[in-house]
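Throughout, a chain's letter reflects where its sequence line sits, starting with A, and its residues are numbered from 1.
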Amino acid sequence: MTPKHFKRYLVTSALPYANGPLHLGHLAGVYVPSDIYVRYLRQRGREVISICGSDEHGVPITLKARNEGISPQEVVNRYHELNKKAFRDFGISFDIYSRTSNRIHYETASEIFKTLYDKDVFVEKTSEQYYDEEAATFLADRYITGTCPHCGNPGAYGDQCEQCGTSLSPTDLINPVSTISGSQPVLKETRHWYLPLDRYEPWLRQWILEQHREWKPNVYGQCKSWLDQGLQPRAVSRDLDWGIPVPVENSEGKVLYVWFDAPIGYISATKELTPDWEKYWKDKETRLVHFIGKDNIVFHCIIFPTILKAEGSYILPDNVPANEFLNLENDKISTSRNWAVWLHEYLEDFPGKQDVLRYVLCANAPENKDNDFTWKDFQSRNNNELVAILGNFVNRTIVLTHKYFDGIVPEITALTGQDKAVLEEISTIASGVEQSLELFRFREAVQKAMDLARLGNKYLAETEPWKVIKTDAERVRTILNISLQITANLTLLLDPFLPFSMEKLRGFIQFEGRSWELIGTPDLLKAGHMLGKASLLFEKIEDEQIQAQLDKLMKNRTENGETEQLPAPKEEITFDDFTRMDLRSGTILEAEKVPKTKKLIKMVVDLGFEQRTIVSGIAEYYEAETLPGKKVTVLANLTPRTIRGIESKGMILLSENPEGTLHFVEPSAEAKNGAAIN
RNA sequence: GGCGAGGUAGCUCAGGUGGUUAGAGCGCAUGAUUCAUAAUCAUGAGGUCGGGAGUUCAAGUCUCCCUCUCGCUACCA
């Protein structure tokens with residue numbers, strides 16, 4: 001639990017995927033916590049490096065490139081630079097921000113693959129996958145479209161139908177079409193290498209479930225869930241032309257699967273940073289910590305450690321403080337719906353306020369469960385905490401010092417019991433912050449750190465220097481000296497959280513100290529020291545600014561919202577096509593939920609000429625008991641299909657709203673059972 | 001359906017190994033104060049700790065059942 005036995009720290013932050021810009025969810029979940037952590041460690045003088053970079057391989061990038069008519073490299077170049085700049089702008093202090101399209105990464109990933117290959121770690125398997133004969137290439141799932149077997153959407157992708165949300169495999173699609181050439185793909189055998197996670201399961205159980213019980217509950221639980229469900233071998237290669245070529249013979253057209261090479265990017269980046277990289281990756285006295293979001297838990301807790309373990313010479317992560325997700329104004333952040341706050345846009349609207357966002361995201365970080373970011377909360381934390389508590393204390397201290405002592409730190413004349421208690425309290429607060437940080441409890445840490453500013457305000461309120469000055473100027477010297485010491489200590493204590501503001505504050509008081517170990521020192525500022533020029537540390541955020549952000553979000557929502565969610569018009573058909581469908585009016589006689597399913601209801605429907613058993617996935621929208629007597633439209637000549645052991649003869653027609661709710665298409669009351677619909 | 005994570009004051013959250021009147025911040029009310037960006041300080045009101053049963057001298061904290069939210073997974077128009 002206590003990290004004392006570690007000599008040095010290797011901190012990694014999830015490599016952002018280089019096919020889009022960063023939003024505040026990324027910052028809150030991964031980069032703000034990791035940056036606070038490494039800044040704190042540096043300040044303590046610990047040996048630490050912070051590693052990050054762009055993850056630049058994988059199918060989505062090739063798709064984006066294809067859509068825009070540019071090369072994958074151009075896509076990743078664009079977002080690598082954009083995201084690198086966003087991190088820099090927000091003071092995320094990586095020691096290196098690398099990228100997985102670098103040569104050194106190709107070498108590192110290839111080497112590790114080779115090592116595992118030579119050790120016979122992989123299993124080779126042949127399977128059938130779609131192949132585009134015109135383009136002479138295997139097709140990734142996303143490159144295949146076809147008709148969804150479930151909802152009939154003709155534009156479903158090979159991995160998922162975006163209309164009904166079902167996840168698919170390419171062979172499920174009806175009439176599959178290659179999006180590359182438009183031709184009909186054929187199934188062809190292909191050979192791939194698999195990482196046999198199942199063989200490492202006993203070891204993983206031991207290592208995680210026994211030896212890392214201290215991991216956060218959400219992380220530990222997620223791992224347990226995966227382990228209990230049983231691990232399967234996972235393909236480490238793919239047929240694709242964008243990525244790291246599989247470094248063995250007879251592997252033309254095959255690259256490493258992006259999940260295999262991405263985490264190795266941490267290693268390559270370390271190599272790029274320092275020739276001394278091995279002491280970080282191979283010395284047991286290094287503490288490896290991965291900061292990630294919850295979507296990455298399986299890769300960092302199960303797959304990557306398995307790779308490292310199989311390789312044999314690397315250390316394993318000591319902790320993986322994964323955060324949950326941040327919602328935005330009560331809704332999931334969504335890139336495709338443009339429901340997000342983009343980092344570069346934030347800085348345009350709130351220039352110079354990166355610390356405000358860092359603060360709010362830390363204080364409200366989704367550490368244990370999904371959390372909600374609202375602009376109103378952003379405003380109130382800024383106005384009530386940063387401005388009113390921290391900024392205000394600093395300001396009143398500096399203003400009083402200028403007013404009474406011309407900006408020169410006055411000397412201590414005599415210490416009262418209260419003065420001593422306040423000075424001692426500084427160290428107590430600091431050690432509380434330390435404890436929280438060591439346990440990755442960042443929201444608690446920042447809360448505790450702010451207590452020092454609260455203490456300062458309380459001290460001023462109780463000692464009332466503005467009153468005492470009229471009767472006892474000597475006493476005021478001590479009071480302001482102590483207030484200034486608190487201010488100087490604040491610059492140290494809050495620096496990991498608010499680096500820009502503390503830099504500014506150091507300028508206000510002309511203080512140079514940086515070391516964490518100085519915290520608690522009662523004379524950081526010597527008597528006679530001249531303060532610098534000061535201004536306001538934080539400013540209020542007005543309602544109009546908040547409303548503008550809300551309006552911007554709502555505008556985006558209506559623009560790419562509901563209308564685009566409606567399915568695209570289908571291609572024209574003939575009357576003949578239509579008449580092939582035998583649509584009938586019917587009435588539900590019986591209905592019961594199919595046991596052990598979430599969505600299925602089994603119904604008996606009266607079609608006049610006969611009674612049919614039909615299974616339908618509507619249990620999430622209708623109670624079985626309410627259904628008997630309901631009139632429905634039935635597609636009567638659909639090929640029967642056995643679902644959960646029940647033969648379903650026909651299909652009940654339902655309308656589906658953009659948000660996914662289902663509603664019966666009901667014939668009017670006069671329609672008799674079995675009446676044809678045409 | 002299976003697995004996992006959650007459901008604690010109006011809001012956001014803390015609550016090692018069960019033990020006196022369940023905590024913090026914000027919000028709210030009242031009072032004090034004016035050095036300060038009408039900021040600050042003090043006091044107070046507010047909780048059947050999702051519901052039920054059980055173990056125990058004693059449960060927010062352990063066991064079981066139920067319920068709601070989120071994630072993964074299965075099944076599925």
The side chain of [X] is closest to which nucleotide in this list: [options]?
| X | options | answer |
| --- | --- | --- |
| A:N218 | B:rC41, B:rA5, B:rC3 | B:rA5 |
| A:N457 | B:rA14, B:rC41, B:rA39 | B:rC41 |
| A:L536 | B:rU37, B:rA14, B:rC35 | B:rU37 |

What N/O pairs connect the protein and nucleotides 65-70 of chain B at under 3.5 Å? Give each pair on its own line.
from, atom 1, to, atom 2, distance (Å)
B:rC70, O2', A:D370, OD2, 3.3

Does a side-chain N or O of A:K458 approach OP1 or OP2 of B:rA42 to a distance below 4.0 Å, or not? yes

In whole Å, what separates the [atom1] atom of [N] from that of [M]?
| N | M | atom1 | answer |
| --- | --- | --- | --- |
| B:rC3 | B:rU21 | C1' | 41 Å |
| B:rU8 | B:rG60 | C1' | 7 Å |
| B:rG10 | B:rU34 | P | 35 Å |

Between [atom2] on [N] and [atom1] on [X], what's the gap in Å once rounded to a whole number?
| X | N | atom1 | atom2 | value |
| --- | --- | --- | --- | --- |
| A:W466 | B:rA39 | CH2 | P | 16 Å |
| A:W215 | B:rG4 | CH2 | P | 18 Å |
| A:L460 | B:rC35 | CG | P | 13 Å |

Describe, in one word, how the ring planes of A:H212 and A:W215 are oriented to each other, choosing from parallel (under 30°), tilted (30 to 60°) and perpendicular (over 60°). parallel

Within 90° of 0 counts as syn, otherwise anti: where does B:rG15 fall? anti

